[in-house]
Amino acid sequence: MRAKIFYSVFAISAFLVLWFVISGYYNSPLFPGPIETVYAFFSILATQDGWYQIGVTCYRVFVGTLFGSCVGALCGILPRYSKMAEYTVKSVVYPLFESIPSLCWVLIFVVWFGLSEMTPILAITAAVIPFFIINIWEGVKELDESLIEMAHTCTRNRLRILQKVIMPMLYPYAFSAFKTSFEVAWKVVILGEVFGAACGIGYMLWISYEVYAIEYVFAWTLCCAIIIIVFDYGGFNYIDRRYMRRWKR
Amino acid sequence: MEEVKGKEVLRIEGLHKRFGALVVLDDVSFDICQGEFICALGPSGCGKTTILRIIAQLAHLDEGRIFIHGNELITEGYLDDLSVVFQEPRLLYWRTVEENVKLALELKRGRVSDRDEAVVKKALSMVGLSDFGDAFPHELSGGMKQRAALARALVTEPSILLMDEPLTGLDLRTREDLQDEILRIWKERDMTAIFVTHDPQEAIYMADRIIVLSDRPTKVKEVLKVSLNRPRNRDDQRIKELEKYIRALFGYKKLE
């Protein structure tokens, strides 16, 4: 454990030193060093507006992923109940969402909704839908039918069986979809905000780039990276250790 | 006609079941009375489980009729009356033993009340798993898992208990212990039990009557009344004689 911490600290320090040396060598405002970046980063955190921009982006990621998860999960589970749904999802819905690049979705939504809240949120939704479809679908194929049959001896209420037996069997697949989708959502939200929003981290990145405040481009990028790391290690890994253990047989 | 123990609970009339061209059940008829312990005995793969699955409405019948308490089995209400114990415990692996037992109530009623918590505890204590309520299925032995499955079946207080070779695959000691446990619970609860097995000795030890089924297509070969007093002794010579008689019915063909 101690060795692990040592190697991590060493790798981070080496990266910072390298960054410091290269930026010092070029000595250009187009390549700010770690000190300028960290200074810009804290100056963002020192203002209420900085927190507002971060909050707005987090909100969009959350809502977009939630919408995407609902639509994707539904498309993943419906084939179990209907052949028609299976063919529709297999031959239309999944290929459509899987093959269209996120940038295309962003441009389409900018045309439809302009610079609005809907553009980045729907771009995220469209981007995460295939992850939920494929994961839930995989889960549905792996369902333990003997447990469902057992439930049928207690009730004929299919909704209750779905809620108590089928859905819990799909939790690990949904969790895995959430984890992947969250990372994708962060990449897409920045794209969506650069092209189709008037606030948020992506928008601030774009503004910083426009005025050549490259240390702020770096600082906003650092914000994204820190949020993703915090959610991934602090959030998903915690949930995995604390709650998902039950599903590991 | 055999002497009956009480009021008729379940009547099966002319059961036919085909899987494609394969005739599995061919005119199977029998009835079961209140408080009776019935064993359906037949060679492996003969269709014993299919009969149980049809009663539990997990499989459709092609022809025939089933009556529970005199009512034809067409409505959902009957499910409150019966519980099934399968050959495999079928426990939800993400739920603890207690949560698994509670599941039957949640599925039947939608939600569980405070009173039900006590019922769950009682069912667990009945099968000797009071100290294992917080354990997960993977932490239990085969016999304990089957006990948990039995508790789940008992928690809804069914009047009919269907058991599909629940002791298959367990070691002899656990198997005999569980046979006694099942008989004790059956007596305490005054339930009607249908127990499917391919082991003649198990059937003779447990049953009031044995429905001896022929190999496919399954027909009722003979209905044997077991007039031995309870508790029975496995070493009783009469059990061995009856076993010999049943084996002779199958031409000493291996039943397992």
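A, B, ... follow the sequence lines: proteins, then strands. Residue 1 opens every chain.
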Quiz item: When rounded to the nearest 0.5 angstrom, what is the spacing between NZ in A:K164 and CZ in B:R95?
Solution: 6.0 Å

Practice problem: Report the distance from atom CZ of A:R156 to atom CD of B:Q57, rounding to the nearest 0.5 Å. | Solution: 5.5 Å

Quiz item: Any chance CZ of A:R158 has more than 12 other-residue heavy atoms, nucleotides or ligands included, within less than 6.0 Å?
Solution: no

Quiz item: Tell me, do B:T96 and A:R246 make a side-chain contact under 4.5 Å, heavy atoms counted?
Solution: yes

Quiz item: CD of B:E106 to OG1 of A:T155: how many Å apart, nearest 0.5 Å?
Solution: 12.0 Å

Quiz item: Got more than 12 heavy atoms from elsewhere within 6.0 Å of NZ, B:K122?
Solution: no

Practice problem: Kindly compute the distance separating CD (A:Q163) from CG (B:L107), expressed to the nearest 0.5 Å. | Solution: 9.5 Å

Quiz prompt | Which atoms of B:L105 approach chain A - backbone, side chain, both or neither, heavy atom under 4.5 Å | solution = neither

Exercise. Could you look at B:R109 and say if it's the side chain, the backbone, both or neither that has a heavy atom under 4.5 Å from chain A?
Key: backbone

Practice problem: Against chain B, label A:L159 side chain, backbone, both or neither, depending on which of its atoms sit under 4.5 Å from a heavy atom there. | Solution: neither

Quiz item: More than 12 heavy atoms of other residues, nucleotides or ligands under 6.0 Å from CZ of A:F175: is that the case?
Solution: yes

Quiz item: Does A:Y81 OH have over 12 foreign heavy atoms under 6.0 Å away?
Solution: yes

Exercise. Return yes when atom CZ of A:F113 has more than 12 non-hydrogen atoms of other residues, nucleotides or ligands closer than 6.0 Å, and no otherwise.
Key: yes

Quiz item: Is the NZ atom of A:K141 crowded by more than 12 outside heavy atoms at less than 6.0 Å?
Solution: yes

Quiz item: What part of B:E99 gets closer than 4.5 Å to chain A, counting heavy atoms only: side chain, backbone, both or neither?
Solution: side chain

Practice problem: Report the distance from atom OG1 of A:T153 to atom CZ of B:F86, rounding to the nearest 0.5 Å. | Solution: 5.0 Å

